[in-house]
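Scroll down for the structure; my scribbles are underneath it.
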Amino acid sequence: MRLPAHGQRILYLDGLRGIAILLVVFFHSYSRWPRLNPFGDRFMATPILSDGWIGVQLFFMISGFVIALSLRGSDNFRGFLFRRWLRLFPAMLILSFVNYGGSFLFPHRPLGLPSLRDLLPGLTFLEPEFWALLIGKPRPILELSFWTLYVEVKFYIIFGALYFWFGLNRAIFGLIILFFIFCFAASISIFFGNYSLKNDIYFKIIMDMRHYSWFAVGALAFRYRETLDIRWFYGAVVMMLLSALTLYGRNFDLKLPGLLMGMFFIAAIWFAWIKRLLASRALVFVGAISYPLYLIHENTSVALAVEVGALFPRLPSILIPLGPIAVVMLIAWITARWPEPWLRKRLRGVNIVRRRKTC
């Protein structure tokens, strides 16, 4: 367990990532696919196992904090975007082909057998809707969970551009303004009726703005940690409440997990003892492999769980997904330990050589 390098990471943020990815993995393994799981819908009303989707919102808050920190260390917009691409692309390239190749081994894969064009959205970080418009065929989808990366990349571009144009404070307020633009658009019935824009890429961009409030929570929290000005902390609390209250329309049952997750993130920023708990070796390790684990887990773990259920019909339902989860965690660790850093180093070297040639 040589991951991560302690001197290069904020350990409690890795701990938060660990919690976020475990929530998402448990949700997909136990509740997301009841028609395929050997235990059906048995855990769809079980707390944590059925509410783990909220781990995505925790990821967004962490990302808001981390990207604000990353921008502080960036000299220009191009360099910032290249570093973000270098962070995302190597694991995406490796595990996209692992997902594609592995799909032929699992007849019960939730999304069925993919085609090579299904790799396009992940490798380019562009929505399947964009590629459907470009190639004139149905939306190519390799993994449904990749949708959060399309949101993240647009956030990097918009927030980064705002930062280099106006500075961090105004960039954060820009995110909040974009969130309120979504709220205004959402109040117009045309966006929720039977309207063709629902399949339009512009509609997708507007709808993605609903997540910007979660990014803003993280960025405000970063400003508080950077300046120790309590007003930034209060701002993070207010945005967290707005984010939770606007989550999934009028369904309070879905707002409550968002509120609890937001409160947990805020508490982690405020209380030193929570930071110490989050910095435990187990959580930090899971957090360090959270990105490759996110890329590989959903279809593979569910397909493996179907096989486990068939091989061991008397195995208690709660135990069936644990073996498959361990397998995808092993794949994620191997990816993060060897091929991902190797490929990242090579890509970074190519960029350095290219920059020297243009000088």
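All values below were derived from every heavy atom in this structure, side-chain atoms included, with hydrogens, water molecules and symmetry-related copies excluded.
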Should Phe159 and Leu175 be marked as a side chain to side chain contact (heavy atoms under 4.5 Å, CB included) after you check the CA-CA gap, both sets of side-chain angles, and the distance that decides it? CA-CA 7 Å; Phe159 193 47; Leu175 285 181; 3.7 Å; yes
With sequence neighbours excluded, residues passing salt bridge (Lys or Arg N to Asp or Glu O under 4.0 Å) with Arg83: none
Take Thr124 and Phe130 through the test side chain to side chain contact (heavy atoms under 4.5 Å, CB included) and record every step on the way to the result. CA-CA 11 Å; Thr124 59; Phe130 171 85; over 6 Å; no
Ignoring hydrogens, what is the shortest heavy-atom contact between Leu111 and Asn299? Give both atom names and the distance. N-OD1, 3.1 Å
Is it the case that more than 12 heavy atoms not belonging to Leu242 sit under 6.0 Å from its CG atom? yes
Side-chain donor-acceptor contact under 3.5 Å, Trp214 with Ser63: no
Can you name the residues that form a salt bridge (Lys or Arg N to Asp or Glu O under 4.0 Å) with Arg84, not counting sequence neighbours? none
Over 60° means perpendicular and under 30° means parallel, so classify the ring planes of Trp147 and Phe60, tilted if in between. perpendicular
Decide if atom CH2 of Trp338 counts as having more than 12 heavy atoms of other residues, nucleotides or ligands within a radius under 6.0 Å. yes
Can you find a pair of side-chain heavy atoms, one from Val151 and one from Phe215, that are under 4.5 Å apart? yes
Which atom names give the shortest non-hydrogen contact between Phe59 and Ile21, and what distance separates them? CZ-N, 3.6 Å
Tell me, with the steps shown, if Arg225 and Leu69 meet side chain to side chain contact (heavy atoms under 4.5 Å, CB included). CA-CA 10 Å; Arg225 298 306 304 173; Leu69 174 63; over 6 Å; no
Is the ring pair Phe125/Phe89 parallel, tilted or perpendicular, if the boundaries are 30 and 60 degrees? perpendicular
Considering all heavy atoms of both residues, which atom of His297 and which atom of Ser145 are nearest to each other, and what is their separation? CE1-OG, 4.3 Å
Evaluate Ser31 against Trp53 for side chain to side chain donor-acceptor pair (under 3.5 Å), listing each step before the verdict. CA-CA 10 Å; Ser31 299; Trp53 51 267; over 6 Å; no
Between Leu58 and Val24, is there shared hydrophobic-cluster membership here, with clusters defined by ILVMFWY side-chain heavy atoms closer than 4.5 Å? yes
Establish, yes or no, whether a centroid distance under 6.0 Å links the rings of Phe43 and Phe39. yes
Polar contact flag, side-chain donor to acceptor under 3.5 angstrom, Glu298-Trp33: yes
Joint hydrophobic cluster, Ile54 plus Leu13, side-chain heavy atoms closer than 4.5 Å: yes
Please check if atom CZ in Arg170 has more than 12 non-hydrogen atoms from other residues, nucleotides or ligands closer than 6.0 Å. no
Treat each ILVMFWY residue as a node, draw an edge where side-chain heavy atoms are under 4.5 Å apart, and state whether Ile331 and Trp333 are in one component. yes
Please indicate whether Phe184 has more than 12 foreign heavy atoms, meaning atoms of other residues, nucleotides or ligands, lying under 6.0 Å from its CZ. no
Is a side-chain N or O of Tyr30 found less than 3.5 angstrom from the main chain of Ile318, in a donor-acceptor match? yes
Is there a side-chain contact between Arg87 and Arg344 (heavy atoms, below 4.5 Å)? yes
Lys255 side chain vs Leu247 backbone, donor-acceptor pair below 3.5 Å: yes
Using the side-chain contact (heavy atoms from CB on, under 4.5 Å) definition, which of the options Leu319, Leu322, Leu315 pairs with Val308? Leu315
Do Met239 and Phe264 sit in one hydrophobic cluster, given that two such residues count as connected whenever their side-chain heavy atoms are within less than 4.5 Å of each other, even indirectly? yes
With a 4.5 Å limit on heavy-atom distance, are the side chains of Pro321 and Ser301 in contact? no
Does a side-chain heavy-atom distance below 4.5 Å link Trp232 with Asp229? yes
Atom of Pro128, atom of Arg139 and distance for their closest heavy-atom approach: CB-CB, 3.9 Å
What are the two closest heavy atoms between Phe164 and Leu71, and how far apart are they? CE1-CD2, 3.8 Å
Joint cluster assignment, Tyr100 & Leu144, ILVMFWY side-chain distance < 4.5 Å: no
Exercise: do Tyr294 and Thr148 side chains pair donor with acceptor under 3.5 Å: yes
If you define the side chain from C-beta out and look only at heavy atoms, does anything of Phe233 sit under 4.5 Å from Leu228? no
Flag the pair Glu143 / Leu295 as yes when at least one side-chain heavy-atom distance between them is below 4.5 Å, and no otherwise. no
Any Leu241 side-chain heavy atom under 4.5 Å of Leu259 side chain: yes
Student check: side-chain heavy atoms of Arg17 and Val66 closer than 4.5 Å: yes
Rounded to the nearest 0.5 Å, what separates atom CG in Leu123 from atom CG in Leu88? 12.0 Å
Full working for side chain to side chain contact (heavy atoms under 4.5 Å, CB included) between Leu343 and Leu93: CA-CA 10 Å; Leu343 181 56; Leu93 178 63; 3.7 Å; yes
Going by atom types only, do Ser103 and Arg109 share a side-chain donor-acceptor pair under 3.5 Å? no
Determine whether the aromatic ring centres of residues Phe65 and Phe222 are separated by less than 6.0 angstrom. yes
Would you say Lys137's side chain and Ala132's backbone share a donor-acceptor pair under 3.5 angstrom? no
Quick check: closest heavy atoms across Pro38 and Ala305, and the distance to 0.1 Å? CG-O, 3.5 Å
